[in-house]
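Structure, as structure tokens:
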Amino acid sequence: QERTYIMVKPDGVERGLVGEIIKRFETKGYQLSALEMMSPSKELLEQHYIDLASKPFFPKLINYMSSGPVVGMVWKGKDVVKTGRKMLGATNPLDSLPGTIRGDYCIDVSQNLCHGSDSTESAEREIGLWFTRGAIDWKRKYDSFIYE
Ligand code: GTP
Ligand code: MG
């Protein structure tokens, strides 16, 4: 089954939105496979956002992301990469629809609460980067109530 890497950014942790973000993925029916709170190094964040290294906002992004602890997660399920990003909402919260996490809880693009992998390839790369000990591959009995 498909997996994605979801992270609650430092502003989301600071604002006490970890539970809310977990709740949305849990109640949707996705399966939690890994979870860790950590204070990432700048080197790890630079690797994570390597595709954005040439952007003018990159130094600001790395500073923001290293301003406090984050909570990283692996979520598993059908189409979880694309659907997960829909649940987070558009990158710029001013464009995120109400009902999405960013649409409901934030305003500025530089403090947009959460991260979600943008493709299955990015997801596997990010899971390898953040969860060096791997994720838990467990069979959930509940799946038969979610999937036909
Ligand atoms: P992530 O899930 O965090 O990867 O966001 P995304 O995939 O929706 O957007 P992208 O990967 O293009 O950008 C990564 C992050 O950089 C965004 O989530 C923002 O926090 C930040 N960012 C993007 N564009 C801007 C910008 O124009 N200014 C600033 N300050 N930050 C930006
Ligand atoms: Mg991105």
Contacts table for residues 16-27: side-chain donor-acceptor under 3.5 angstrom, sequence neighbours left out:
{"unit_1": "Glu20", "atom_1": "OE2", "unit_2": "Arg24", "atom_2": "NE", "d": "2.8"}
{"unit_1": "Glu20", "atom_1": "OE2", "unit_2": "Arg24", "atom_2": "NH2", "d": "3.3"}
{"unit_1": "Glu20", "atom_1": "OE2", "unit_2": "Tyr105", "atom_2": "OH", "d": "3.1"}
{"unit_1": "Arg24", "atom_1": "NH1", "unit_2": "Gly99", "atom_2": "O", "d": "3.0"}
{"unit_1": "Arg24", "atom_1": "NH2", "unit_2": "Asp104", "atom_2": "OD2", "d": "2.9"}
{"unit_1": "Thr27", "atom_1": "OG1", "unit_2": "Lys23", "atom_2": "O", "d": "2.7"}

Check: [Y] main-chain N/O paired with [X] side-chain donor or acceptor under 3.5 Å:
X	Y	result
Tyr5	Trp130	no
Asn92	Leu94	yes
Arg140	Tyr30	yes
Arg102	Cys114	yes
Glu2	Val80	yes
Asn112	Pro93	no
Gln31	Asp143	no

To the nearest 0.5 Å, what is the distance between [atom1] ([X]) and [atom2] ([Y])?
X	Y	atom1	atom2	answer
Leu113	Arg15	CG	CZ	5.5 Å
His48	Glu43	NE2	CD	15.0 Å
Glu36	Arg133	CD	CZ	6.0 Å
Ser110	Lys60	OG	NZ	4.5 Å
Ser119	Glu126	OG	CD	8.0 Å
Leu45	Ser66	CG	OG	6.0 Å

Check whether any side-chain heavy atom of [X] lies under 4.5 Å from a side-chain heavy atom of [Y], and answer yes or no.
X	Y	answer
Trp75	Met87	no
Lys78	Ile146	no
Val8	Met73	yes

Transitive ILVMFWY side-chain link [X] to [Y], under 4.5 Å:
X	Y	value
Val81	Met7	no
Met38	Leu61	yes
Phe131	Val71	no
Tyr142	Tyr147	yes
Ile127	Ile136	no

Distance-only check: which donor-acceptor pairs under 3.5 Å involve side-chain atoms of residues 49-59, not counting sequence neighbours?
{"unit_1": "Tyr49", "atom_1": "OH", "unit_2": "Lys9", "atom_2": "NZ", "d": "3.4"}

Looking only at heavy atoms, what is the nearest atom pair of [X] and [Y], with distance?
X	Y	value
Ser96	Gly103	CB-N, 3.4 Å
Gly68	Pro10	O-CG, 3.6 Å
Thr132	Gly128	CG2-O, 3.8 Å

